[in-house]
Trainee: 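Here's a structure for you.
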Amino acid sequence: MHNKMSATKVLAYLIYILEMNLSELISAENKNEFIMGSWEACIECIEIIGFWKRAKDFGLNYNPEIKYNIFNCEAAKCFGSSTKTTRIQK
């Protein structure tokens, strides 16, 4: 089990895990409903962390929907048009 961490370290670690998961989701060969739901959940988490005052200090200076746009992947074209949900504008 991990040692107790400060809120800043927890958020930095969470950002790392979410970005790693998104990279794995993009490289998945079969873009099924589970993959697409996981992508949306990770994107939503990163967007929420983006509201943190120090988010840019930890590399969140990008739009995650653009950087990790799984909807433009070749294998995802079978899903047709984007199923993105309406997001809160920052």
Trainee: Side chain to side chain contact (heavy atoms under 4.5 Å, CB included) between I43 and L22: does it pass, once the steps are laid out?
Mentor: CA-CA 8 Å; I43 291 294; L22 283 164; 3.9 Å; yes

Trainee: Just jot down the side-chain contact (heavy atoms from CB on, under 4.5 Å) partners of D57, sequence neighbours excluded, or say none.
Mentor: R54

Trainee: Say you draw a straight line from CG of N61 to NZ of K67; how long is it, rounded to the nearest 0.5 Å?
Mentor: 8.0 Å

Trainee: Hey, mind stepping through Y13 and I17 against side chain to side chain contact (heavy atoms under 4.5 Å, CB included) and telling me if it holds?
Mentor: CA-CA 6 Å; Y13 185 57; I17 294 296; 3.9 Å; yes

Trainee: Of all residues at least two apart in sequence or in a different chain, which pass the side-chain contact (heavy atoms from CB on, under 4.5 Å) check with S27?
Mentor: none

Trainee: Let me confirm one number: the CD-CD1 distance from E44 to I46, rounded to the nearest 0.5 Å.
Mentor: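 E44 atom CD to I46 atom CD1 measures 11.0 Å (nearest 0.5 Å).
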
Trainee: Just to verify, what does K9 make a side-chain contact (heavy atoms from CB on, under 4.5 Å) with, not counting sequence neighbours?
Mentor: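 K9 satisfies side-chain contact (heavy atoms from CB on, under 4.5 Å) with M5, S6 once adjacent residues are dropped.
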
Trainee: Go through T8 and F58 one step at a time and tell me if the side chain to side chain contact (heavy atoms under 4.5 Å, CB included) criterion holds.
Mentor: CA-CA 9 Å; T8 300; F58 290 84; 3.3 Å; yes

Trainee: Could you tell me the separation between the CG atom of L60 and the CD atom of E19, rounded to the nearest 0.5 Å?
Mentor: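 Going from the CG atom of L60 to the CD atom of E19 covers 6.0 Å.
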
Trainee: Could you measure the distance from the CG atom of N21 to the SG atom of C45? Nearest 0.5 Å is fine.
Mentor: 10.0 Å

Trainee: I need the E65 CD to E47 CD distance, nearest 0.5 Å.
Mentor: 4.5 Å

Trainee: So, using side-chain contact (heavy atoms from CB on, under 4.5 Å) as the criterion, who are the partners of L11 when residues are at least two apart?
Mentor: I49, W52

